[in-house]
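A short write-up of the structure that comes next.
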Amino acid sequence: MSEKIAFTKLTEADHEPIARLLHRALVHWYESRLGQGARFGDHHQPFALFPEVYEALDPGECVTARSDSGEILGVCFSHERETHIAIGIVATMPEAGGRGLAKKMMACVLDKAERVGKPTRLVSSLLNLDSFSLYTRLGFVPGTIFQDMLINVPEAGLAVTPPEGTELVRQATMADVARIADFEQTQQGVRREKDFAFFVNNQVGSWRLLISESADGSVSGFLGMSMHPSCTMIGPGVAKNDEAGTALLWRALDGMRGRSIVFLAPCAAAKLVKTAYAWGARNVELHVAQSTAPVEGAKGLVFPTFMPETA
Ligand SMILES: CC(C)(COP(=O)(O)OP(=O)(O)OC[C@H]1O[C@@H](n2cnc3c(N)ncnc32)[C@H](O)[C@@H]1OP(=O)(O)O)[C@@H](O)C(=O)NCCC(=O)NCCS
């Protein structure tokens, strides 16, 4: 069988097949390997948010693998930013797995990265040896390890005293977007102003972006949140230290009362992780940042997310 593998401008008609593909691939992989397929729900519809958001944010940057008859057998979302190319979810149909489709789709993105002279970054599950191996075979180097923490926030909010610094957190506006991008670049060596503008504009999906400022007015952190019912998740974010990270996290959780939320916390941020346990968070998975060229001397705490990715 010969598949056509190429960057594609997704049409509205592609959204549903891609949602079905993502749902099937995840349910199949997590059920057959870990007996955890049920965590992705019993309907593909929530996964339509991925093509909707990515096509709005980065038209034409999704790589698809299509059969001769035009059926989508694989997808690999990518997004070029100022400093790097990020790769989003990669998935192949279960019946098309193990014959190199994911590798070929990734190769398209890596070729582009080489052409434009930028490193490629992604977040990879540590429970999924197939994807971990796929990425490291292609030259990605694992870095920071994250624990995916699930927390149920009661309707009345978390029954804890707000941590110090929550009064320094507020909702970001368009005037903050460049400062937030500057801050991330100083801390982490990556820049992606477009994502922050997308959150503040809030036209596709449902986003909120928080900013934390020190007493002198400088940025000490930021944290995005997806409020969409199809994807309730905290991230992306970066904080200067545990205190700023904890304050941002508390404010984000407080804004999502009555929901179950997942966030990824760096395992090395021991103080923040301990606080999250005290708030009732439980570990549900582990992820690792992978890059073709890790940034030397990155500082601060990162809260990655699955849409749109950072690491
Ligand atoms: C992960 C996934 C995308 C892989 O797709 P695929 O089309 O089967 O992958 P490919 O056939 O292109 O390549 C897999 C590569 O990993 C290698 N690999 C897999 N498991 C490995 C292991 N344990 N050790 C070493 N290499 C391994 C394979 O050998 C192959 O490399 P090779 O061709 O050089 O031998 C697919 O299983 C999937 O859709 N999973 C569900 C969705 C998901 O979890 N996505 C990743 C999270 S974002």
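When reading the values below, keep in mind they use all heavy atoms of this one structure, side chains included, and skip hydrogens, waters and symmetry mates. In each ligand, atom 1 is the first atom listed, and ligand 1 is the first ligand listed. This one's a predicted model, so the numbers in the text were calculated from it and none came from an experiment.
Which parts of ligand 1 touch K103 is read off a 4.0 Å heavy-atom cut-off, strictly below it: atoms 12 (O), 32 (P), 33 (O), 34 (O). Listed by number with element, the atoms of ligand 1 under 4.0 angstrom from any heavy atom of G97 are 8 (O). Listed by atom number, the atoms of ligand 1 under 4.0 Å from R99 heavy atoms are 11 (O).
Ring to ring, F263 and F303 are not that close: their centroids are 6.0 angstrom or more apart. Under the 6.0 Å cut-off for aromatic ring centres, H287 and F146 do not qualify, their centroids lying 6.0 Å or more apart. Under the 6.0 Å cut-off for aromatic ring centres, F50 and H15 do not qualify, their centroids lying 6.0 Å or more apart. A distance below 6.0 Å separates the ring centres of Y54 and H79.
Atom 38 (C) of ligand 1 has its closest protein heavy atom at T92 N, 4.0 Å. Scanning the protein heavy atoms around atom 22 (C) of ligand 1, the nearest turns out to be S133 OG, 3.2 Å. Protein heavy atom in closest approach to atom 45 (N) of ligand 1: V90 O, 2.8 Å. At the shortest separation from atom 41 (C) of ligand 1 among protein heavy atoms lies A25 O, 3.5 Å. Looking only at protein heavy atoms, the nearest one to atom 14 (C) of ligand 1 is L134 CD1, 4.0 Å.
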Exercise for the section: Using the side-chain hydrogen bond (donor to acceptor under 3.5 Å, both in side chains) rule, take N283 and Y277 through it: C-alpha gap first, then chi angles, then the decisive distance, then the call. Expected result: CA-CA 9 Å; N283 298 315; Y277 283 139; 2.9 Å; yes
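The shortest separation from a heavy atom of G98 to ligand 1 is under 4.0 Å, placing the residue in contact.
Rounded to the nearest 0.5 angstrom, F183 CZ and I211 CD1 are separated by 9.0 Å.
On a distance-only criterion, A96 and ligand 1 share no N/O pair closer than 3.5 Å. For the pair S131 and ligand 1, the shortest N or O to N or O distance does not fall below 3.5 Å. Polar contact check, N128 against ligand 1: a nitrogen or oxygen pair lies under 3.5 Å apart.
Nearest-heavy-atom check against atom 30 (C) of ligand 1 across R137, E309, K104, R33 picks out R137. The residue from D130, L73, V123 that puts a heavy atom closest to atom 19 (C) of ligand 1 is D130. With atom 7 (O) of ligand 1 as the reference point, the heavy atom nearest to it among G100, A91, G74, A102 is part of A102. The closest non-hydrogen atom to atom 47 (C) of ligand 1, taken over W29, Y135, F132, comes from Y135.
E193 pairs by the side-chain hydrogen bond (donor to acceptor under 3.5 Å, both in side chains) definition with R191, not counting sequence neighbours.
For the pair R39 and Y30, the cation sits on the ring face: its NZ or CZ lies under 6.0 Å from the ring centre, inside 45° of the axis.
Between K194 and E80 there is no salt bridge, since no side-chain nitrogen of the basic residue lies less than 4.0 Å from a carboxylate oxygen of the acidic one. E213 has a carboxylate O that lies under 4.0 Å from a charged side-chain N of R170, or vice versa, which qualifies the two as a salt bridge.
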